[in-house]
Structure formats: C-alpha cells, structure tokens
Amino acid sequence: MSTTLLTPPDKGRNTPLFVPELVYFEPNALEYPKGQRIHEWALQQNLPIRTTSSHNRITQFPGESDLEKYKIAKRTLVVGIRKTLKFDTSKPSAEYALPIATGCMGHCHYCYLQTTLGAKPYIRVYVNTDDILEAAQRYIDERVPETTRFEAACTSDPVGLEHITGSLREVIEFMGRQEHGRLRFVTKFHHVDALLDAEHNKHTRFRFSVNADYVIKNFEPATSSFAERIEASGKVARAGYPLGFIIAPIIWYDGWEQGYKELLMRLKEAVSEETARDITFELIQHRFTKTAKTIIQQRYPKTKLEMEEARRKYKWGRWGQGKYVYPDDQAQALRETITGYIFEQFPDGKIEYFT
C-alpha cells in the first residue's frame, strides 16, 4: 500500500440516479411483466409517456436547435422488444455482445456511440429478457466444452439503468448458473447496491471505467465521479465479484504521466490485497474517425478533446474504415509507462490488452 494517501478532488460530488424526461413504449412491451413494471415506475415519476410503433423509429425530439434536440434525446427512454437475437461479436473483450439495452445517459465526448447510434442517441431498454437469455443459452451450448464470454456493455451502461429495468441482475444470476458461460460488463456509474447480493458465483467480472482526473473532468459529463466509482469498486470486491478496470480512452495531454501515475496509486489504495491478486486491466488509447470528429464538434462545440488528424496515425479497420490513433512513438510511450505503473501497484495484475 502507498504511504501517501491521495484524495480525489471530486470527493464531494453526488451523482443522482438517471431519470428520463420522456418515455416511449412499444404497445407490445406492456404485455411483458418488465414492461408493466417500468410503466408503473414512469407513472410514479410523473413522466410524460408516449407510444411508438418501433423503438428504432423515433426521429423527432423537442428543442429549437439540433443541440437542444440531442440533449433531450439523451434523456429519452424507449421501452421495447429486442427482435434481433443474433448477437454481435465483441472482441477482444468477449466472444459475444449480450444486448439488454442500447444508448447511454452519459455525455462522454469521445464515446464511439456518438457515431454507432448516429441520429438515435436515445436510450432503449428491452423487456423480453427471457428471449435474450434463451439466445445466450444457445450460444453457450454451441461452444461447449469451451467457455463463452458475453459483454453486456457494448452499446450501453447497464448499471446506470438497473434501477429501472433490473435486467443486469437477471443476467448475472443466469450466468451464475452456467458452467460454461461468463459475463463481463463495464460502467462509469456507482449505483451498484442492487447487484451486491446477486448470486453471481464469481461468473461475472465487474469492471469500472477509470481515467486520469483531467479526462474525467473534461470529457465525461453526466457520469459518476472518480471517487464514487472507486468506492463502488470496493463494494463490488467485497461482494465477491472478480474485479477489473478499463483505462480508456488513454489520452496524451500535458502532464499525462503524473495523471495516470496518480490514477493507479488511488486504485491501489481502494483495493484489498486479496482482490489485487485477481484484477484485470484493459488499456485503450484514444482514437477517432472523421465522422466522429464532425459529430463530436457539433454536439460538444466547446470540447477540449484533441482531434487533429495531422498529429495522428491513420489505422485501417477491419471493415475498410480507418481511424486516427496516436503515432507509434506516442502509443509505445503510453503503453510502456502505464503498464509500468500498473505492475508497480499491482504486481499480480493481468493486462488483457492494449489497443
């Protein structure tokens, strides 16, 4: 343990549970118990409730400017049925993405969902959890005796929606009963209490997205503070979940070495020696596409996010679309430096990948 205690400057922040400003329901969603429960919750919150024929067809939102409409869209909840039960792959984190929600209430400037969700940044939750889990069971059975890993946070932050849906607990306990199934998800929110007594049987790795203070303060509005996330990680570890941290996006800024060093020191302070022996890290450097840059600058016109193509390396993707990453010398410096910090604080930690 470090001898000099570090106190995160955001200690006094208190991030509330997400409550949407507007809720849509697909009519068939009310035929499911989960849909009925969410409808009752929305009524108790006195929220405006509307109907929609499809959770994929909402295009109009209140507001005079595109920016105002975007902000309302991010606070719109759509309750529907997940019809597509073919799961996407989720490398390198897992074999498959498990879809229980789409969209996020956070306003992280750099988020890939800015482009993935395009003109549909609203939050969608699915009430047919049984159908989704039956599909997961088929994927597990196909790969036996190999273990199949599922990522539940590819298109959303399910922890931030758990007080509304209860879906994440259902998935955790489903995977807890699976000999060959495992679950992973990552969150920027600290609202974990409803998950602490779930029967996970250590089949779920609970990961927190963390970063240097500079990144959280400047680029992660509407998420839990660093202090809140770290406090929640301690609760999760004491509840017996395998724990992990995703440091993403790793950003090169003036003072980044000290910023990431302090990050790892604070993590060490928060984690017990026992937990530290089974802890994973995933490292993802900042990247962007030209499309993402345009959208980000429209939605966050005052952002300090550095997106200068001339200062980056162009890297081709799997589907013929490229992205801008840090040049090799910077990427190597980020990787070697942060890897060194990790092993200084967590000698038994496992770095799963750097990308």
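The stretch residues 185-200 participates, sequence neighbours left out, in these salt bridge (Lys or Arg N to Asp or Glu O under 4.0 Å) pairs: R169-D197, D193-K235.
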If you look only at distance, which donor and acceptor atoms sit under 3.5 Å apart when one is on a side chain in residues 38-49 and the other is two or more places apart or in another chain?
none

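Checking side-chain atoms of R177 against main-chain N and O of E173 turns up a donor-acceptor pair under 3.5 Å. A donor-acceptor pair under 3.5 Å links the side-chain atoms of R287 to the main chain of Q285, judged by distance alone. Under the 3.5 Å distance criterion, the side-chain polar atoms of D278 are left unmatched by any main-chain donor or acceptor of P242.
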Decide side-chain contact (heavy atoms from CB on, under 4.5 Å) for M307 and I296; before the verdict, give the C-alpha distance in whole Å, the side-chain angles of both, and the deciding distance to 0.1 Å. CA-CA 10 Å; M307 294 180 290; I296 290 167; 3.9 Å; yes

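Ring planes of Y324 and F288: parallel class, angle under 30° (limits at 30 and 60°).
Seen from the ring of F219, K304 does not count as a face-on cation partner, given the 6.0 Å and 45° thresholds.
With sequence neighbours excluded, the residues satisfying side chain to side chain contact (heavy atoms under 4.5 Å, CB included) with E21 are I72, R75. Residues that satisfy the side chain to side chain contact (heavy atoms under 4.5 Å, CB included) test with D131, not counting sequence neighbours, are Y32, L85, N128, E134. For P33, the side chain to side chain contact (heavy atoms under 4.5 Å, CB included) partners are R37, not counting sequence neighbours. Under the rule for a side chain to side chain contact (heavy atoms under 4.5 Å, CB included), the partners of Q330 that lie at least two apart in sequence or sit in another chain are W252, Y326, P327.
Taking the ring centroids of F185 and F206, they lie under the 6.0 Å cut-off. Checked against a 6.0 Å centroid threshold, the rings of Y110 and Y112 do not count as neighbours. Aromatic ring centroids of F281 and F346 lie under 6.0 Å apart.
The number of heavy atoms from other shown groups lying within 6.0 Å of NZ (K69) is above 12.
Only one option out of H191, R124, M105 pairs with L161 in a side chain to side chain contact (heavy atoms under 4.5 Å, CB included); it is M105.
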